[in-house]
Structure formats: structure tokens, C-alpha cells
Amino acid sequence: MENKKIIENQQESTIKNETTATEIINMLGNQCTRLVKIIRDVLIFAGFVVLCLATINFRHALANERNNQRWIEYLSQYDFVSQDGEGYNYYNSDVGGDVVNGTE
């Protein structure tokens, strides 16, 4: 009779251990599944952020290029110093007089 009880206790103990192990494996599987979902969501968000930053950077590059072209066009139209055939400047020609460099 005692042997029967001991065997039954061992069987119950084995069943409990198997159930506990199965529960642990299932719990770890569920945690891994949740972790995979979290990692996937983080990677999707990071990709979206990178895409937004690349788009912003591209738009700023285009704006800078347009700005540079406008400045080049503006500055190329300006006549900084005009000269006649003899090498004299027309800049402020109405003032007259000579420019003296140095002390007087």
C-alpha cells in the first residue's frame, strides 16, 4: 500500500514538473513573440524617422542650390567696375579728382 502511494506521489510530482516546464516554455515563447513585435515596431519607426530626415535633407539641399543660383545670377548682372578703353574706371566718375594713397 505504501509503495502504491509512493508511486502515485512520484507520478503526480512528475506530472506537476512537466506542467510547470510546459508553462515556462509557453511563457518564454510568448515573451519572445512580444519581443519580436516590439523590435519590429521599433525598426519600422526608425526607418520612418530616417526616411523623414533624408527627405528634409534633400529639400534643404535643393533650396540651397536654388539660393546659390540666384546669388550667382544676381552677382553676375552687377557691374562692379567699368573701364573705358584707356583703363580708367567709370565708378564714381562724377566725383572727379585723383585718389591719393598714403599720407598727405
Side-chain angles (χ1 to χ4, degrees):
M1 198 57 138
E2 278 186 40
N3 287 338
K4 225 179 192 182
K5 286 185 181 182
I6 291 174
I7 292 173
E8 286 177 7
N9 286 338
Q10 286 177 348
Q11 288 176 350
E12 286 178 20
S13 163
T14 304
I15 291 172
K16 285 181 184 179
N17 288 339
E18 288 177 1
T19 305
T20 305
T22 305
E23 288 174 359
I24 290 174
I25 290 172
N26 288 337
M27 183 179 64
L28 289 174
N30 291 338
Q31 287 179 351
C32 288
T33 304
R34 281 188 281 164
L35 184 62
V36 166
K37 288 179 183 178
I38 291 171
I39 290 173
R40 185 190 68 219
D41 292 342
V42 167
L43 289 177
I44 290 171
F45 180 73
F48 179 72
V49 169
V50 167
L51 182 65
C52 288
L53 290 175
T55 303
I56 291 169
N57 189 24
F58 182 71
R59 290 182 61 121
H60 280 279
L62 289 178
N64 285 337
E65 183 61 30
R66 283 194 307 266
N67 189 32
N68 288 341
Q69 292 299 324
R70 288 179 188 145
W71 274 107
I72 290 170
E73 181 182 339
Y74 173 73
L75 293 175
S76 66
Q77 292 175 357
Y78 185 74
D79 188 17
F80 288 99
V81 176
S82 297
Q83 294 182 348
D84 62 5
E86 298 174 4
Y88 294 107
N89 294 333
Y90 288 129
Y91 185 72
N92 286 337
S93 60
D94 59 330
V95 174
D98 292 330
V99 176
V100 178
N101 291 326
T103 58
E104 293 185 29

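This one's a predicted model, so the numbers in the text were calculated from it and none came from an experiment.
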Could you tell me the separation between the [atom1] atom of [X] and the [atom2] atom of [Y], rounded to the nearest 0.5 Å?
X   : Y   : atom1 : atom2 : result
I38 : L43 : CD1   : CG    : 12.0 Å
N67 : L62 : CG    : CG    : 12.5 Å
I25 : N30 : CD1   : CG    : 12.0 Å
I39 : C32 : CD1   : SG    : 9.5 Å
I44 : R40 : CD1   : CZ    : 5.5 Å

>> Restricting to side-chain contact (heavy atoms from CB on, under 4.5 Å), what partner residues turn up for L28, sequence neighbours left out?
In response: I24, Q31
> Is it the case that E73 and Q69 place a side-chain donor and acceptor less than 3.5 Å from each other?
Replying inline: no
